[in-house]
Amino acid sequence: MPPTSTLRPAAAAQRSLPWIALAVILASAGTSRAGDLPDFRSLVEADWSRQDEGRLRQIRERGRVRFVEEEIDWPGVAEERRQPLERIEPPVIDGRLDDPGWKDAWSPAGAE
């Protein structure tokens, strides 16, 4: 039996490696379509929203707060009972200083 070289299988594997990589890439691209996945921005904004809600929940609820120097009992915060601000249209200003919109923009709403 003639001696076999160990270099031949390695060379064959090196030649087939690009084809294997291409098959893996095409297989993974076929399983995940862009329409099926939410975009990255919406994922980040949803995470920010969850973090904000968690922070507000921690402020509202009572409990023990631990600092490096001491621990305090947090009484929590009552729900807001303030009236919401009235939304008004902002004055239209075109950039000319003699425009009457500047006078409206300078004075606070409701101030006479």
Side-chain angles (χ1 to χ4, degrees):
M1 179 180 237
T4 59
S5 172
T6 59
L7 295 178
R8 286 188 184 135
Q14 285 179 353
R15 282 191 304 249
S16 62
L17 188 61
W19 293 107
I20 293 171
L22 179 64
V24 169
I25 290 171
L26 290 177
S28 66
T31 59
S32 64
R33 294 185 179 136
D36 297 341
L37 300 174
D39 63 335
F40 186 70
R41 181 184 181 106
S42 66
L43 291 174
V44 170
E45 289 181 358
D47 183 49
W48 288 345
S49 178
R50 285 190 301 271
Q51 290 178 21
D52 290 344
E53 193 55 42
R55 288 185 192 104
L56 291 174
R57 187 177 58 250
Q58 289 173 351
I59 291 172
R60 281 190 296 253
E61 294 176 358
R62 56 185 320 189
R64 193 166 220 28
V65 181
R66 292 182 177 94
F67 294 102
V68 176
E69 302 88 16
E70 64 180 322
E71 292 182 3
I72 62 169
D73 287 322
W74 178 252
V77 176
E79 291 291 322
E80 285 194 46
R81 295 188 181 112
R82 296 185 292 179
Q83 295 294 323
L85 292 175
E86 179 185 344
R87 300 285 180 176
I88 60 171
E89 287 293 319
V92 178
I93 300 174
D94 65 3
R96 294 184 43 186
L97 294 178
D98 59 347
D99 187 25
W102 281 105
K103 182 181 177 196
D104 295 339
W106 181 255
S107 62
E112 299 296 324

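Please read all numbers here as calculations on a predicted model, not as lab measurements. Atom set for the values below is all heavy atoms of this structure, side chains included, hydrogens, waters and symmetry mates excluded.
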Apart from [X] itself, what residues make up its hydrophobic cluster when side-chain heavy atoms of I, L, V, M, F, W and Y under 4.5 Å apart count as a link, directly or indirectly?
{"X": "I72", "result": "I59, V65, F67, W74, V77"}
{"X": "L56", "result": "none"}
{"X": "V44", "result": "F40, W48"}

Using a cut-off of 6.0 Å, state whether more than 12 heavy atoms not belonging to E86 lie near its atom CD.
-> no
Partners of E45 by side chain to side chain donor-acceptor pair (under 3.5 Å), sequence neighbours excluded?
-> R41
Output all residues satisfying side chain to side chain contact (heavy atoms under 4.5 Å, CB included) with [X], sequence neighbours left out; order by chain, then residue number.
{"X": "S42", "answer": "P38, D39"}
{"X": "R87", "answer": "none"}
{"X": "R62", "answer": "none"}
{"X": "D73", "answer": "R64"}

Under the salt bridge (Lys or Arg N to Asp or Glu O under 4.0 Å) rule, collect the residues that match up with R50, sequence neighbours excluded.
-> D47
